[in-house]
Chemist: 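What follows is a structure written as structure tokens; I'll ask about it next.
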Amino acid sequence: MSAHDTPQQIQHDAAEGLEQILHRKEPLKPKERMAIPMQKMPTQDPQIRRDNMQEVAMGYFPEQAKLESMRCLQCKTAPCVKGCPVGIDIPGFLAAAAEGDFQRSIGIIKQSSLLPQVCGRVCPQETQCQEHCTVGKSLKDVNQAVSIGRVERYVADWEREHGVQAPSVKAPTGKRVAVVGSGPASITVAADVRREGHEVTMFEAFHKPGGVLLYGIPEFRLPKAIVQKEVESLQAMGVEIKTNFVIGRTRKLLDLMKKDGYDAIFIGTGAGLPKFMNIEGENLVGVFSANEYLTRSNLMRAYDRERADTPIFKSKKVAVLGGGNVAMDSARTAVRLGADEVHLVYRRTEVEMPARVEEVAHAKEEGVIFHILENAKRIQGNEYGLVTGMECVRYELGEPDASGRRRPVEIPNSEFMIEVDTVIVAIGNESNPLIRQTTPGLDVNKWGNITVNDDGKTSLPGVFAGGDIVLGAATVILAMGEGRRAAASINQMLSTN
Ligand SMILES: Cc1cc2nc3c(=O)[nH]c(=O)nc-3n(C[C@H](O)[C@H](O)[C@H](O)COP(=O)(O)OP(=O)(O)OC[C@H]3O[C@@H](n4cnc5c(N)ncnc54)[C@H](O)[C@@H]3O)c2cc1C
Ligand code: SF4
């Protein structure tokens, strides 16, 4: 087989494998389930996808979804469920998928998760449900665990293709809830609160709703049409969405209750303030925060140089600083925007990289050059203020630090230069200070994240918060879980008021 298995080959192998199993009279024994090969995700050929924005992972074929689900041993203790932040009945939905009952399968997922099409694509399953999977543990390789996320994605896509009904909404209660932000935390709150018959208005600072799902995670990982569908589903339920509306500027947070008559507020404003390295040269032209770079590409379509209002200049040699998902997304976007060389510079080793394993593998396949145990020291510019190069320094791993990870230690006199015209800083995000600065009495912690109790309540009566604005930059599923929790307490509060 070639290094890149074609989708046709993958489907052919799966159909053959499934055929053999379906001919059996006896049910599969655990050993036989474990002997079913893990189903590979069909992907676009790396050489082709470097030049397009379309989704890289193409999704399972039906035969694969069934076969992969048959690998599940239906463990009584279901350790995978403990690894899922929203406690999806994983063996339940896999058993239904193994029988080919995709409708029942997605129904089981939706009891716990509102955004399975999104989570099936972007959740870090290898450090959540799949990390605990008995199959992966028995085969001594987490990458051989049951591919729970891929099956989730399959049944969620199946439902979309077969027509999703907007959730039913109870009779109007006369209560009104303002939801600030439109990322996964806010989408979840809006849906769960609206379902109870309360009126919901969502306020979004950008001109399009969706949060990081729209402006951060690129099209080639999460098609925007999927996010758009989720937003349309909210609108079909009767949620009103006001865009270009910055709470703290257009309207003060508490005025929503005092002047506009909302009974409760949810703050889901995320962690959109980029961190910088604070090194020489970071103000030169050609240095971007990952946020700006990705937003310009995803939301403003800067890659469309002929038609975009704010096209991005064509970089030849790009350096991306960082090792998380945001760094991988930036590097892979730079590849697609036509850079000749993209260097990813990370000061620890690949083992410590916080990015999903799949994203690292995809970045490598697409030609991103990895510089591990290296870091930027200074960015160099010319007389016009344009970036011309970056001075880096090499590191080695020292003793473990407080996080348990071995600390990177600079190797003296190991400096060297890389010639680049663009530097993208992707070393993390903090919470945006606007709401806390303009809302007296709203408690935050030392990092500026809003503090909440176990029910998602803030220090202000009637005001709830969740997602990255509470957790710091985290994940989609955690944001969604926080949204569920806050929505439950908003509904509880409104039912007793
Ligand atoms: C590039 C990138 C890649 C990522 N990849 C992954 C991944 O693969 N898997 C994963 O699980 N997670 C990933 N994440 C993290 C994940 O996207 C976030 O944890 C999640 O989106 C947080 O959701 P949220 O609802 O809290 O906020 P967000 O999605 O950040 O949404 C907040 C929204 O609030 C709006 N807003 C902010 N301030 C105001 C205001 N004052 N008034 C009105 N609106 C306001 C913002 O414009 C934004 O639309 C990634 C993040 C980034 C940036
Ligand atoms: S741990 Fe793995 S094998 Fe066991 S029920 Fe969960 S998915 Fe199935």
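All residue numbers refer to positions in the sequence shown, counting from 1. Note that ligands are numbered from 1 as they come in the structure, with each ligand's atoms numbered from 1 the same way.
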Chemist: Please determine if Glu204 has a nitrogen or oxygen closer than 3.5 Å to a nitrogen or oxygen of ligand 1.
Modeler: yes
Chemist: Look at atom 9 (N) of ligand 1 and say which protein heavy atom is nearest, naming residue and atom and giving the distance to 0.1 Å.
Modeler: Val122 O, 2.6 Å
Chemist: Gly466 to ligand 1: N or O pair under 3.5 Å?
Modeler: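 In fact, backbone or side chain, Gly466 has no N or O that close.
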Chemist: Provide the number and element of each atom of ligand 1 under 4.0 Å from a heavy atom of Gly181.
Modeler: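 Listed by number with element: 33 (C), 34 (O), 35 (C), 44 (N).
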Chemist: At a 4.0 Å threshold, what atoms of ligand 1 neighbour a non-hydrogen atom of Phe245?
Modeler: 42 (N), 43 (C)
Chemist: Can Glu359 be said to touch ligand 1, with heavy atoms closer than 4.0 Å?
Modeler: no
Chemist: For Asn432, is the nearest heavy atom under 4.0 Å from an atom of ligand 1?
Modeler: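 No, Asn432 has no heavy atoms under 4.0 Å from ligand 1.
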Chemist: Is it the case that more than 12 heavy atoms not belonging to Lys82 sit under 6.0 Å from its NZ atom?
Modeler: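 More than 12 within 6.0 Å, yes.
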Chemist: Going by the side chain to side chain contact (heavy atoms under 4.5 Å, CB included) test, name the single residue among Glu55, His362, Gln54 that passes it with Gln44.
Modeler: Gln54
Chemist: Can you tell me how far CE of Met480 sits from OG of Ser113, rounded to the nearest 0.5 angstrom?
Modeler: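 Going from the OG atom of Ser113 to the CE atom of Met480 covers 3.5 Å.
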Chemist: Could you list which atoms of ligand 1 come closer than 4.0 Å to a heavy atom of Val180?
Modeler: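 What qualifies from ligand 1 is 42 (N), 43 (C).
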Chemist: Test Val56 against every option in Glu359, Glu219, Arg332 by the side chain to side chain contact (heavy atoms under 4.5 Å, CB included) rule and name the one that passes.
Modeler: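 Filter result, single survivor: Arg332.
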Chemist: Check if Pro184 has a non-hydrogen atom at a distance under 4.0 Å from any atom of ligand 1.
Modeler: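 Right, Pro184 reaches ligand 1.
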Chemist: Counting backbone and side-chain atoms alike, is an N, O or S atom of Cys80 positioned under 2.8 Å from atom 2 (Fe) of ligand 2?
Modeler: no
Chemist: Measure the distances from the heavy atoms of Ala474 to every atom of ligand 1 and state whether one is below 4.0 angstrom.
Modeler: yes
Chemist: For a distance under 2.8 Å, tell me if His132 has an N/O/S atom near atom 6 (Fe) of ligand 2.
Modeler: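 No, His132 does not qualify, because none of its backbone or side-chain N, O or S atoms lies under 2.8 Å.
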Chemist: What about the rings of Tyr293 and Phe288, do their centers lie closer together than 6.0 Å?
Modeler: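 For Tyr293 and Phe288, the ring centres are under 6.0 Å apart.
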Chemist: What is the nearest protein non-hydrogen atom to atom 2 (Fe) of ligand 2, stated with its residue, atom name and distance?
Modeler: Cys133 SG, 2.5 Å
Chemist: Hey, do the aromatic rings of Phe61 and Tyr154 have their centres closer than 6.0 Å?
Modeler: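 Distance test on ring centres: not under 6.0 Å, no.
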Chemist: State the atoms of ligand 1, each with its element, that fall below the 4.0 Å cut-off from a heavy-atom position in Leu294.
Modeler: 1 (C)
Chemist: Do Lys208 and Tyr215 meet the cation-pi criteria used here (NZ or CZ under 6.0 Å from the six-membered ring centre, within 45° of the axis)?
Modeler: no
Chemist: Tell me which protein heavy atom sits closest to atom 8 (Fe) of ligand 2, plus the residue, atom name and distance to 0.1 Å.
Modeler: Cys72 SG, 2.4 Å
Chemist: Output the list of atoms in ligand 1 that are nearer than 4.0 Å to some heavy atom of Asp329, sorted by atom number.
Modeler: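 The list of qualifying atoms is 1 (C), 2 (C), 3 (C).
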Chemist: For ligand 1, is there an N or O atom under 3.5 Å from any N or O atom of Gly216?
Modeler: no
Chemist: With a heavy-atom distance limit of 4.0 Å, tell me whether Glu482 approaches ligand 1 through its side chain, its backbone, both, or neither.
Modeler: neither
Chemist: Is it the case that over 12 heavy atoms from other parts of the model lie below 6.0 angstrom from the NZ atom of Lys224?
Modeler: yes
Chemist: Taking N or O atoms only and a 3.5 Å limit, does Gly210 qualify as a polar contact for ligand 1?
Modeler: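 Among all N and O atoms of Gly210, none is under 3.5 Å from an N or O of ligand 1.
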Chemist: So do the side chains of Glu230 and Val227 get within less than 4.5 Å of each other, counting heavy atoms only?
Modeler: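 They are not in side-chain contact.
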Chemist: Relative to each other, are the rings of His371 and His343 parallel, tilted or perpendicular (30° and 60° limits)?
Modeler: tilted
Chemist: Identify the closest protein heavy atom to atom 4 (Fe) of ligand 2: which residue and atom is it, and at what distance?
Modeler: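 Atom 4 (Fe) of ligand 2 sits closest to the protein heavy atom Cys75 SG, 2.2 Å.
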